[in-house]
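Have a look at the structure below before the remarks.
In this text the structure is predicted, and so the values were computed from the model without any measurement. Below, read A as the first sequence line, B as the second, and so on, with proteins coming before strands; counting in each chain starts at 1.
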2 protein chains.
Amino acid sequence: MMKTLQPSIRDIAKALGVSASTVSRALKNHPDISKDTCQKVQEYAERVHYRPNVLALGLKSQRSQTIGVIVPEIVHHFFSTLISGIEDLAYGKGYRVMICQSNEDYLREVINVQALNDHRVDGLLVSISKSTLDANHFIRVIQNEVPIVFMDRICHDIQSDRVVTNDFEGAKMVVSHMLQRGRRRILHLAGPKHLTVGVERNNGYRQALVDHHIAVDEDLILHCDTPQRVETRRSQILAMANEIDGIFAVNDFTAVASMRLLQDAGYNIPADIAIAGFGDDPIADMVSPSLTTVKQRGYDMGREAAALLISRLQGIQPERFQTKVFPAMLKVRNSA
Amino acid sequence: MMKTLQPSIRDIAKALGVSASTVSRALKNHPDISKDTCQKVQEYAERVHYRPNVLALGLKSQRSQTIGVIVPEIVHHFFSTLISGIEDLAYGKGYRVMICQSNEDYLREVINVQALNDHRVDGLLVSISKSTLDANHFIRVIQNEVPIVFMDRICHDIQSDRVVTNDFEGAKMVVSHMLQRGRRRILHLAGPKHLTVGVERNNGYRQALVDHHIAVDEDLILHCDTPQRVETRRSQILAMANEIDGIFAVNDFTAVASMRLLQDAGYNIPADIAIAGFGDDPIADMVSPSLTTVKQRGYDMGREAAALLISRLQGIQPERFQTKVFPAMLKVRNSA
DNA sequence: AAATTACCCGCAAACGTTTGCGGTGTGCCT
DNA sequence: AGGCACACCGCAAACGTTTGCGGGTAATTT
């Protein structure tokens, strides 16, 4: 198998007995170059599989045509779909994408930001980690004129474009749905207090209760947003099981985990306890009973975020920062 | 908010009244530079948040310290864990990772390969798409001296390092398990014939039958490897339901989809029909009954693949290409 | 005092590309 | 025949970094 190193513009120039500048221009059909030369150059380039060196281009143009993406964990369906949306739109506009995971770890997030900055990405799309309280790493790249669009998990302290789900309405809808079906004591498995998504869903839960003239019982709100945490709080949840008739979890994994827990303990879902989640993960449709939840349009949010960022990169700057709010959709299934 | 463009080595040199070469050397404590100068440079660099320009580095050194990853779809848990493993190891070794999805589309895969090649990634980690029959796009980058390590979905036509699961043994184990529990007519929902994983699992299925002195009935092998395909073949599967007592699906989503289908049709799992999958996706533990399956060590495979690639990049070339085979582990749950 | 040595540091080229500017040759007009 | 326009192409600098080599100054040796 013959090895042929990547040919450069100079290699082509040498082989054809012309200058590098001529090759460069010929490749883009510059009017200064004769049709004849253009054709010769293009043919030869094609034949040797010439591909421009993006590093050199980026170095010269001071823009890499690459956007960086940081999400907590790609294993979560919502974030994977977000990424798919981003990729599809970005590719279409001639941008490449570098994806990083913070693993919900603040330090890792800082490193990711720095690494992407080192690679001179033109812009950043970010969903912050659960443990991110400080925003200096983001501020620094913004000072370098690298714009950021926050998605879903936004960073409150920073003025920027944002793409979010209407978490408040979504939560209100699904909790109202349970209340309308006669549930009265609904446990809320909530997210951390410093994540906007968690707070908004919590507020939606509260508003639904208020709307139905039910007092909010703070004892019915637990910080519990992962299957692991459900396991940790196992006894606590089981102890409450007889006093509740519904659960609203901040995401679907947690909802499903709590469902399994209660089913194993002999409870009938939804007869004894109704359960609802948030996100419409594929598991929602695979568990039994299937999970009532709130659908988030991850793919569309990804596209929108990428579109917002790219339009900003291309200088189409609307006066102020925008916040795109995607509607949440109630997905009624069998668990509530 | 003040904007401060990214300082270069020359900016530092100018500010400190020294040459760029001195700054470059001072930053890495080169013995030619006095302790005094080193300290001054490093302090100043720190203060202005100097970060080397990776594009320039890559251009000069002809290596980008970046490895490209192509997987079919990140939404699948196996591939996300694979990526996590890759990232963790690569980061540790000072490499960055660029992730692409082929969406099971051959053309998209070709574009991905080319894009990563354009970015002068030092090496490639690839799981091929279902629709990939031709390998020329891979051969071309290998000719450019960019090594490839195939993971899970390997490319048969190419000599290279490989990291795979022992699909044959895994399938044999889980099918044997069903046979030992008295199942006799097991439907196999198989993958496409040109994917090694599918073929190997198919072979494992066949071997298990042979081992138990049961004739292989080709009518019990259906090409059906996604929930969508299960839906398409709905009537066909239901028509067979009374004549089978087990199902072995090539992956967990397909297993779960068939389980839902049969449950909705009134069959009891596993009493009427046992069901097993492959992969140990998180859903396996969330559905009811929980799914018996075969565990694949995605994270470890990712780490191993990255390690293999990086050692090759660093010139530690074992004589021939290696194939690392990870053992499959039977995960017995309640569905079989 | 002259010569050697060590210690610091700068010059310039190179990686691959783009682009303003200047140059050459040909044909046309007067 | 001289001037002009036009078509075509090359030179060189620049992006940020590294690195071999050469040079200058001061300290040490003979």
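Nucleic acid contact class of A:Lys28 (heavy atoms, under 4.0 Å, all strands): sugar-phosphate only. Contacts of B:Ser24 with the nucleic acid, taken as non-hydrogen atoms under 4.0 Å apart, include base atoms.
Side-chain contact, A:Asp161 with A:Gln322: no donor N or O sits under 3.5 Å from an acceptor N or O.
No hydrogens or angles were tested; on distance alone, nothing pairs the side chain of A:Arg51 with the base of C:dG16 as donor and acceptor under 3.5 Å. The base of D:dC11 lies close enough to the side chain of A:Ser21 for a donor and an acceptor atom to sit less than 3.5 Å apart. The base of C:dC8 has none of its N or O atoms less than 3.5 Å from a complementary donor or acceptor on the side chain of B:Asp32. In this model, no side-chain donor or acceptor of B:Arg10 finds a partner on the base of C:dG10 within 3.5 Å.
Distance, B:Leu27 CG to D:dG16 P: 15 Å, rounded to whole Å. Atom NE2 in A:His119 sits roughly 17 Å away from atom P in D:dG16 (whole-Å rounding). Going from atom NZ of A:Lys60 over to atom P of D:dA13 covers 13 Å, rounded to whole Å. Taking atom NZ on A:Lys35 and atom C1' on D:dC8, their separation rounds to 13 Å, with Å as the unit. Rounded to a whole Å, the CD atom of B:Gln62 is 19 Å from the P atom of D:dG16. Between the NZ atom of A:Lys14 and the C1' atom of D:dG10 there is a distance of 15 Å, given to the nearest Å. Taking atom CG of B:Leu57 as the reference point, atom C1' of C:dC15 lies 11 Å away to the nearest angstrom. Whole-Å rounding puts the B:Tyr50 OH to D:dG16 P distance at 10 Å.
Projected onto DNA chain C by closest heavy-atom contact, B:Ser61 and B:Ile33 fall at different nucleotides, the more 5' of which corresponds to B:Ile33.
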Item to complete: Applying side chain to side chain contact (heavy atoms under 4.5 Å, CB included), run through A:His137 and A:Thr132 and close with a yes or a no.
Response: CA-CA 10 Å; A:His137 51 313; A:Thr132 300; 4.1 Å; yes

Practice prompt. Check the pair B:Asp88, A:Arg108 against salt bridge (charged side-chain N to carboxylate O under 4.0 Å, His left out), reporting the backbone distance first and the verdict last.
Written response: CA-CA 11 Å; B:Asp88 285 354; A:Arg108 181 79 171 250; 3.0 Å; yes

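Relative to the side chain of A:Leu59, the nucleotides D:dC15, D:dG10, D:dT17 differ in distance, and D:dC15 lies closest. Comparing C:dT17, D:dC9, D:dG16 by their closest approach to the side chain of A:Ser34 singles out D:dC9. Here the side chain of B:Arg25 is nearest to one of C:dT17, D:dG20, D:dG16, namely D:dG20. The side chain of B:Ala56 lies closest to D:dG16, out of D:dG10, D:dG16, C:dC15.
A:Thr22 has no side-chain polar atom (N or O) that falls below the 4.0 Å cut-off from OP1 or OP2 of D:dC9.
Between A:Phe138 and A:Phe150, the ring centre distance stays below 6.0 Å.
The existence of a salt bridge linking B:Arg153 and B:Glu104 is confirmed by a sub-4.0 Å separation between a basic side-chain nitrogen and an acidic carboxylate oxygen.
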